[in-house]
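Below is one structure, written out as C-alpha cells; comments come after it.
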Protein chains: 2
Amino acid sequence: MSTERENEHPASRGGAAFLLAQLGAHAAQRFADRVAELELTPAQAGLLRLLAQAPGHSQRELADMLGMPPSRFVPFADGLQERGLIERRRKPGDRRVHALRLTDEGMELLARLRTVARAHEEDVCQALSPDEHQQLIGLLRRIADQQRLTPGVHVGYRRLR
Amino acid sequence: MSTERENEHPASRGGAAFLLAQLGAHAAQRFADRVAELELTPAQAGLLRLLAQAPGHSQRELADMLGMPPSRFVPFADGLQERGLIERRRKPGDRRVHALRLTDEGMELLARLRTVARAHEEDVCQALSPDEHQQLIGLLRRIADQQRLTPGVHVGYRRLR
DNA sequence: TATTGTTATACTCTATAACTATA
DNA sequence: TATAGTTATAGAGTATAACAATA
C-alpha cells in the first residue's frame with residue numbers, strides 16, 4: 001500500500017465535497033450519453049419523470065420546479081409535444097393555464113427511461129458491494145435532506161443539451 | 001418513521017447515481033458562491049490548484065487537463081495574469097511554449113482558497129458524524145478510481161462562470 | 001511540415017423584457 | 001390590474017478554424 005503517496009498531498013484528491021462535484025458531473029455526463037440513445041436530454045427526461053409524479057401542473061409551476069424561466073420552458077415543452085410524448089390541455093376553470101401531462105406514448109418512453117436509469121445506477125456503483133451501495137445511498141440522502149434539496153429534481157436540468 | 005412513504009415511489013428520490021448528480025451540482029454551486037468572495041470562479045480556483053500541484057506545464061497541456069480548448073484557455077489565463085496571480089515564462093528550450101506557474105501572490109490566494117475549501121467541506125457534510133464523513137470519502141474514492149476519474153480535476157471546470 | 005499560442009468569427013445558449021389572452 | 005403563456009431580442013458563452021511564431 002502506498003500510504004506515503006496518499007498522504008503526500010492531502011488535498012490533491014479533494015474531500016467529500018470535491019468528490020461529490022467530480023462524481024456528480026461524471027454521473028450526469030454518463031446519464032446524458034445513455035438517454036441520448038432515447039433521443040432525450042437529461043432535462044427532458046427530468047420533465048417526463050416530473051409529469052409522471054405530479055401531472056396537471058401549469059407550465060409556470062413546472063418551469064419553477066426545474067429552475068428555468070417560463071420563456072425557456074415553452075420551446076422545451078414544444079419539442080416533447082411535437083413528438084407526442086406530452087400534451088397540453090386548457091384548464092377548464094382558468095383558460096390561461098395549460099396543464100401538462102404525459103401521453104400513453106410518453107408513459108411508454110418513461111418505462112424505457114427507468115430501464116436506462118437502472119443500468120446507469122449499476123454502472124456508476126459497480127465498485128461497491130450491495131451493502132456498500134445501500135450505505136452510500138443512506139449517507140447521500142442524509143446530506144440531501146440536511147441541505148434541503150428537493151427529492152427527484154436537480155439544477156442540472158436547467159441545461160437542455 | 002414513515003417507511004410507507006419512503007417506499008411509495010421507489011425511484012422518486014433516485015438512486016446513488018441521481019443523488020450524486022443532484023448533490024454534486026449543489027456542492028459545486030455552493031463552492032462557486034464561496035470562491036466568488038475571493039473574486040474567483042471555480043475554474044480559476046481549479047487552475048490555481050493545478051499549478052500548485054504541477055507547475056511549469058504548457059498552456060496546451062493545462063487546457064487539456066481542464067477539458068477546455070486552447071483558444072478558451074488564453075483569455076482564461078489572461079484574467080489571472082492581469083491580477084498578478086500567475087505568470088507566463090518562455091521555456092528556454094522551446095520558445096513556442098509558455099510555461100505557467102503561480103506567483104507569490106497566487107500562492108497566498110491559494111492558501112485562502114484552502115481555508116474556503118475546508119469550510120465548504122464542513123458545510124456540505126454537517127449532516128454526518130466524523131466516522132460517517134470518512135466512510136463517505138472512502139466510498140466515493142472507490143467509485144472515482146473504478147470510473148477512472150483524474151484525481152483533483154473535474155469537468156465542471158470547463159465552465160468559467 | 002508540425003506545433004504553440006493567439007485571434008477572429010460564427011453559433012449556441014440564456015435571460016430580460018415586450019406582447020396576447022384570459023382573469 | 002395581474003397572471004399564464006408566448007415571442008423577440010440582445011447578450012454572454014462556446015467552439016471551430018484561420019493566423020503568426022517557432023520548431
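Everything numeric in this text was worked out from a predicted model, so none of it was measured.
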How many whole angstroms separate atom [atom1] of [X] from atom [atom2] of [N]?
X: B:Gln81; N: C:dG5; atom1: CD; atom2: P; answer: 13 Å
X: B:Glu61; N: C:dT3; atom1: CD; atom2: P; answer: 14 Å
X: A:Arg89; N: D:dG5; atom1: CZ; atom2: C1'; answer: 19 Å
X: B:Arg90; N: D:dA20; atom1: CZ; atom2: P; answer: 16 Å
X: A:Arg96; N: D:dG5; atom1: CZ; atom2: C1'; answer: 10 Å
X: B:Phe76; N: D:dA12; atom1: CZ; atom2: P; answer: 19 Å
X: B:Gln59; N: C:dT3; atom1: CD; atom2: C1'; answer: 14 Å
X: A:Asp94; N: C:dA21; atom1: CG; atom2: P; answer: 16 Å

Could you check A:Asp123 against A:Arg30 for side-chain contact (heavy atoms from CB on, under 4.5 Å), going step by step and ending with a plain yes or no? CA-CA 9 Å; A:Asp123 168 20; A:Arg30 297 276 294 187; 2.4 Å; yes
Which of residues 63-74 of chain A have a heavy atom under 4.0 Å from DNA chain C? A:Pro69, A:Ser71, A:Arg72
Quick one, B:Asp145 and A:Arg13 - any side-chain contact, counting heavy atoms below 4.5 Å? yes
The side chain of A:Arg95 is closest to which nucleotide in this list: C:dT22, D:dA23, D:dA4? C:dT22
Where does the angle between the aromatic ring planes of A:Phe31 and A:His120 fall among parallel (under 30°), tilted (30 to 60°) and perpendicular (over 60°)?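 The arrangement is tilted - the two ring planes meet at 30° to 60°.
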So does B:Arg142 pair up with A:Glu132, basic N to acidic O under 4.0 Å? yes
Is any NZ, NE, NH1 or NH2 atom of the basic residue among A:Arg88 and A:Asp78 found under 4.0 Å from an Asp or Glu carboxylate oxygen of the other? yes
Of A:Glu61, A:Arg89, A:Arg90, A:Lys91, the residue whose pairing with A:Val97 passes side-chain contact (heavy atoms from CB on, under 4.5 Å):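 Going through A:Glu61, A:Arg89, A:Arg90, A:Lys91 one by one, the side-chain contact (heavy atoms from CB on, under 4.5 Å) with A:Val97 is satisfied by A:Lys91 alone.
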OP1 or OP2 of C:dT4 under 4.0 Å from side-chain N/O of B:Arg60: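 Answer yes for this pair, as a side-chain N or O of B:Arg60 is under 4.0 Å from OP1 or OP2.
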Compare side-chain N and O positions of A:Arg159 against OP1 and OP2 of C:dT12 and report whether any pair is under 4.0 Å apart.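 Negative; the distance criterion is not met.
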Hydrogens and angles aside, do B:Gln134 and B:Asp131 bring a side-chain donor and acceptor to less than 3.5 Å of each other? no
Which residue lies toward the 5' end of DNA chain C, B:Ala99 or A:Lys91, if each is placed at its nearest nucleotide?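 Going by which nucleotide is closer to the 5' end, it is B:Ala99.
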